[in-house]
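First up is the structure itself, then whatever we jot down about it.
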2 protein chains.
Amino acid sequence: MLKDKPVIAPHECVDCPIRHRAVCARCDVNELEELEAIKYYRSYEAGQTVIWSGDRMDFVGTVVSGIGTLTQTMEDGRTQMVGLLLPSDFVGRPGRDGSAYDVVATTDLVMCCFRKRPFEQMMERTPHLSQRLLEMTLDELDAAREWMLVLGRKTAREKIASLLSIVARRDASLKLGVPDGPLVFDLPLTREAMADYLGLTLETVSRQISALKRDGVIHLEGKRHVTIPDFTRLMEEAGDDSDGGMLV
Amino acid sequence: MLKDKPVIAPHECVDCPIRHRAVCARCDVNELEELEAIKYYRSYEAGQTVIWSGDRMDFVGTVVSGIGTLTQTMEDGRTQMVGLLLPSDFVGRPGRDGSAYDVVATTDLVMCCFRKRPFEQMMERTPHLSQRLLEMTLDELDAAREWMLVLGRKTAREKIASLLSIVARRDASLKLGVPDGPLVFDLPLTREAMADYLGLTLETVSRQISALKRDGVIHLEGKRHVTIPDFTRLMEEAGDDSDGGMLV
DNA sequence: CGAGAGCCTTGATGCAGATCAAACGCGCGA
DNA sequence: TCGCGCGTTTGATCTGCATCAAGGCTCTCG
């Protein structure tokens, strides 16, 4: 299918909606040009709500920079974060009209958007587009279900370790580096946001982070800058058996 | 696309892999015949494991009868159910080799299977197949994320009410009836299975069911036969705002 | 430089649900 | 028919996390 056409290298294809973690070998030039025609950028300030649950969504897109969250809220104010949006993550529900959750910009956020209707029309003509989206959605489903285990069965300490290991992994894969030594990254969430992700209170989050620091599992400079001297140790703390690798 | 072809009524299409809750207007005869060629049935006994997490899966399929669960287990034995498989539910991960979770038959289970490789080849030729699968996967993702709210933020009583309302809804939609009066159905899960779904212990499940019974929210005959006199009341107990309807 | 606002940490106390333990009820096979 | 086993119920106690409360750190703005 790519025969006779120049292949676009991943880094030339930052905005591609079916890019996933910087892998996008399947794009060909025609599609990119077609996508270009329906593409635009939007930016949001920290704290701004990108879409309210139930609102009509007229675009799909990918996060270019910044951090966003998908959250659900009960009338009495209890909230649960159901997804974390990091650069390269896809946002949107092709074939669906409204959003199912609030999408909130946690930091300043830039999105590369594609008008939804023409995008869906492209999907009908381009089987590998919907297949790729299916794969991405299956990945999200796996992640959501893995998180169900975290929420349902893990202790507070294990929850924190699980979150740290996920963020560390995502951060490392974005840097495209295979870090041999300690992992270093900035935690993009407040204690409250972490609590909402983990089904805890912010006080418990704070206490458990202090405990992990005290026990040498992590080091902290300031409140955000994390270094993980031994990733295997962190995985053990998270209660994960397989090393999970840095592969994904 | 359906022009000039006889449309298959839902009830004639019980095994269709892209059937979803008995709606399958998009099938046309050619595809059904092609599917027929790669179709076979399998049955499993209660308690039998259909697929182990990580195992190679060489089919996709739909549940024809019986109840199954998707579960994840930690080395120390803690388990979390991440999905419930009721008749008409799709099982499988087109484009993926292995299963991400254990699939367990909770009751005797009959599946209508399709060989995976030819099915995937069909997907490449048939855009609406992968689009339909994408829609179904988005539905599963929504359900998983809704369950994250249940696991992370609801009390034990709310969790039980949430589970009952989901099973009641699914049961009603399978019967194709729009029940005006009280809902009556059989609970297809043991207390332990419910506990694994809800992130609780079986003792807590038992106590909360007793409490809901005592408060008149539900009635029980034996341990399994449930009647719900007032569905709205149950929804309130579940902490759900919108009535949610019987629509899905 | 000081005041205030956010965000975070830490301490004291309370409670929902886990854990440990015992007994019930029902179906089934001898 | 009895006795056994499995799933369930119920009680007593324990504990991890929530809740309530008080400061601390750091950045910004006057």
Side-chain angles (χ1 to χ4, degrees), chain A residues 45-47 67 69 74 76-80 106-108 150-164 186-215 218-226 237 239, chain B residues 45-47 67 69 74 76-80 104 106-107 150-164 186-215 218-226 237 239:
Chain A
E45 289 172 16
I67 310 286
T69 63
M74 296 170 66
D76 62 9
R78 282 177 280 177
T79 85
Q80 175 66 49
T106 294
T107 64
D108 288 352
V150 173
L151 290 174
R153 291 302 186 194
K154 292 196 178 178
T155 64
R157 173 184 260 244
E158 289 169 334
K159 284 179 174 183
I160 298 287
S162 298
L163 177 58
L164 290 173
D186 281 322
L187 203 47
L189 301 171
T190 65
R191 300 291 121 109
E192 189 180 18
M194 294 172 73
D196 283 342
Y197 203 16
L198 296 166
L200 298 171
T201 59
L202 67 90
E203 293 94 330
T204 299
V205 169
S206 180
R207 272 185 251 273
Q208 295 299 334
I209 288 181
S210 298
L212 287 174
K213 192 169 56 173
R214 188 164 52 246
D215 299 346
I218 62 174
H219 297 292
L220 275 185
E221 279 169 47
K223 294 161 196 315
R224 296 296 181 82
H225 198 69
V226 183
E237 291 286 352
Chain B
E45 289 173 14
I67 310 286
T69 63
M74 297 170 65
D76 63 8
R78 282 177 280 177
T79 85
Q80 175 66 49
V104 182
T106 294
T107 64
V150 173
L151 290 174
R153 291 301 187 195
K154 292 197 178 177
T155 65
R157 173 184 261 244
E158 289 168 334
K159 285 179 174 182
I160 298 287
S162 298
L163 178 58
L164 290 174
D186 282 322
L187 203 47
L189 300 171
T190 65
R191 301 290 121 109
E192 189 180 16
M194 293 172 72
D196 283 342
Y197 203 15
L198 296 166
L200 298 170
T201 59
L202 66 90
E203 293 95 330
T204 299
V205 169
S206 179
R207 272 184 251 272
Q208 296 299 334
I209 288 181
S210 298
L212 288 174
K213 192 169 54 173
R214 190 164 49 246
D215 299 345
I218 61 174
H219 298 292
L220 277 185
E221 279 170 46
K223 293 162 199 314
R224 296 295 181 82
H225 199 69
V226 183
E237 292 286 353

Candidate pair A/Val150 and B/Leu151, rule side-chain contact (heavy atoms from CB on, under 4.5 Å), full reasoning: CA-CA 9 Å; A/Val150 173; B/Leu151 290 174; over 6 Å; no
For the CE atom of A/Met194 and the CG atom of A/Leu187, what is their distance to the nearest 0.5 Å? 4.5 Å
Extract, from 5' to 3' on DNA chain D, the first and final nucleotides lying under 4.0 angstrom from some heavy atom of chain A. D/dC17 to D/dC20
Let me spell it out: for each of B/Gly222 and A/Lys223, pick the nucleotide of DNA chain D with the closest heavy atom. Which residue's pick is nearer the 5' end? B/Gly222
Side chains of A/Leu200 and A/Gln208: closer than 4.5 Å at any heavy-atom pair? no
Enumerate all atom pairs, one protein N or O and one N or O from nucleotides 16-23 of chain C, separated by less than 3.5 Å.
{"unit_1": "C/dG17", "atom_1": "OP1", "unit_2": "B/Ala156", "atom_2": "N", "d": "2.8"}
{"unit_1": "C/dA18", "atom_1": "OP2", "unit_2": "B/Thr201", "atom_2": "N", "d": "3.4"}
{"unit_1": "C/dA18", "atom_1": "OP2", "unit_2": "B/Thr201", "atom_2": "OG1", "d": "3.1"}
{"unit_1": "C/dA18", "atom_1": "OP2", "unit_2": "B/Thr204", "atom_2": "OG1", "d": "2.4"}
{"unit_1": "C/dT19", "atom_1": "O4", "unit_2": "B/Arg207", "atom_2": "NH2", "d": "3.0"}
{"unit_1": "C/dC20", "atom_1": "N4", "unit_2": "B/Glu203", "atom_2": "OE2", "d": "3.2"}

Atom CD1 of A/Ile209 to atom P of C/dC7: distance rounded to whole Å? 15 Å
Distance from A/Thr190 atom OG1 to A/Glu192 atom CD, nearest 0.5 Å? 5.5 Å
For A/Thr190, which contact category applies under a 4.0 Å heavy-atom criterion: base, sugar-phosphate, or nothing? sugar-phosphate
From CE of A/Met194 across to C1' of C/dC7 the rounded distance in Å is 13 Å
Could you check how far CD of B/Glu221 sits from C1' of C/dG25, rounded to whole Å? 17 Å
Note: B/Leu220 and B/Lys213 closest approach over all heavy atoms is CB-CD, 3.8 Å
In Å, rounded to the nearest 0.5 Å, how long is the span from NZ of A/Lys154 to CE of B/Met74? 5.0 Å
Hey, are the side chains of B/Lys159 and B/Val205 touching, using non-hydrogen atoms and a 4.5 Å cut-off? no
Pairwise distance CD1(B/Ile160) to OG1(B/Thr204) - rounded to 0.5 angstrom: 8.5 Å
